[in-house]
Structures are given as structure tokens and as C-alpha cells.
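As C-alpha cells, the structure follows; a few thoughts come after it.
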Amino acid sequence: KNEVEQSPQNLTAQEGEFITINCSYSVGISALHWLQQHPGGGIVSLFMLSSGKKKHGRLIATINIQEKHSSLHITASHPRDSAVYICAVLDLGGSQGNLIFGKGTKLSVKP
Amino acid sequence: ETGVTQTPRHLVMGMTNKKSLKCEQHLGHNAMYWYKQSAKKPLELMFVYNFKEQTENNSVPSRFSPECPNSSHLFLHLHTLQPEDSALYLCASSQPGPPPNEQFFGPGTRLTVL
């Protein structure tokens, strides 16, 4: 079993829909990252959080440390949101760089 | 130029070749990372450098040799690679922790080993 599990693996939505991507992890963490990877490979960091909730534009990330769970929400989805969304955690016992990555959720938003 | 840049963006090499990947960051960070992303697999950490010193080697084979001459530049020297080493190689940078700091990624080098 992977230490970081994401669901769903693939998600297709219609433009304008509200989208939720989930991330569960099994280790104690000091921080959790949500990353966006577009075709071609480049990765953009969306959020880093260790508690509560963060919002940036149409994106919202929440984390529940007790339940070891985080969600990424996209409101009013748009085709340009189509990408792979990756959850990564920084293990409490690990060094600064030792992020543990989920396999990613591939999102496709249709016009 | 800003952010994290990587060159080349694409590389095809034979198993007997020697090549190098380059990463440069213009963010004033002191920690740099190499990651490998193989098809259908999660990203894997390869190496971490803090203030030019290697602080993490995630059991990477010796055919991959990193070099960090200064805080802004990171290289990955490749020699006698195998076809299974074909992957996307990503560089990232951050301020060193603690506390944990956000990592900024480069666009990656798509490597194909024939």
C-alpha cells in the first residue's frame, strides 16, 4: 500500500462543475503539498499546508491532520484546469526534501 | 530570467554515452533537488543538496552522479545508463528547512535511453 493515496485516479468533468480530488496518507507529516503537472511535464506548486484551509482564486485546499486527509477543490472548472494534480507529503521523520508523492489524479475538463 | 530552468528539455542517448543535465534557479534558494518521474509511477526523490552539500541520496545507482558547484546550479551527470532509466527528470529548489518550505520545480528533461 502506498503511503500517499489519491482518488480518483482519473476524473472527467464538464466546464463549470465543482471538482474535488482527495488525498489520504498513512504517515505523520509536517506539511502537505498540492502540485499541478501539465502535459509536457512542468510542475507548479499550488499549495503547501499543514493545517486548516487555503484558498487561491478558484482553488481551495483543506487538510484534516487527525484524519490524515486532504482535499483539493476547484470551483467553476475550466478546460485550462485539465492537468494531473499531485499530492505530496513531507514525512515528520524525513528530511526537508523527502517528499512522498501520490500517483496523481488526471483531470480533464470538457468545454 | 526567473524561476527554475532546466537544459536540455529533451535528450536521447545511447547506453554508452555520457551526458549531463543542468538545472539553474534564480530564486535565491539554498536547497536543490533532483527527482525522477517514470511512466505510471509517482515522482521519486533522487538527491538533495543544502548549501551545496549533499544531504540526501535516495539509494540512487552510481551511474547517476550529481554535482552542485554553487547554490544556484545543479547538475546530474549520466553515464552507462540503462533503457529503464528513461524518464522525466525534474529539478526543484527551495529554502532549506526547518520549517518545511515550498519547492519550485523546473520544466524537466525528458530522457530517452536507447
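All chains are named by letter (A, B, ...) in the order of the sequence lines, taking the proteins before the strands, and each is independently numbered beginning at 1. As the structure is a computational prediction, the values presented were derived from the model and not from experiment.
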Connected via hydrophobic side-chain network under 4.5 Å: A:Ile100 and A:Leu46: yes
Proximal component of B:Gln37, with respect to chain A [non-hydrogen, under 4.5 Å]: side chain
Under 6.0 Å from the NZ atom of A:Lys106, do we count more than 12 heavy atoms belonging to anything else shown? no
Are A:Tyr85 and B:Phe105 connected in the hydrophobic side-chain network, where two residues link if heavy atoms are under 4.5 Å apart? no
To check you understand the geometry: which heavy-atom pair defines the closest contact between B:Leu88 and A:Gln37, and what is its length? CD2-NE2, 3.6 Å
So which part of B:Leu43 gets closer than 4.5 Å to some heavy atom of chain A, the side chain, the backbone, both or neither? both
Any chance CD of A:Gln9 has more than 12 other-residue heavy atoms, nucleotides or ligands included, within less than 6.0 Å? no
Neighbour count above 12 (heavy atom, 6.0 Å) for B:Glu84 CD: yes
Can you find a heavy atom in the side chain of A:Val44 that is under 4.5 Å from one in the side chain of B:Phe104? no
Test log, rule side chain to side chain contact (heavy atoms under 4.5 Å, CB included), inputs A:Leu99 and B:Glu44: CA-CA 8 Å; A:Leu99 287 174; B:Glu44 302 170 72; over 6 Å; no
B:Gln103 and A:His33: which non-hydrogen atoms are nearest, and at how many Å? N-CE1, 4.1 Å
Closest non-hydrogen atom pair between A:Gly102 and B:Pro42, with its separation: O-CB, 3.6 Å
Are A:Ile63 and A:Leu90 linked, directly or through other ILVMFWY residues, by side chains that come within less than 4.5 angstrom of each other? no
Under a 4.5 Å heavy-atom cut-off, does chain B meet the side chain of A:Leu35, its backbone, both or neither? side chain
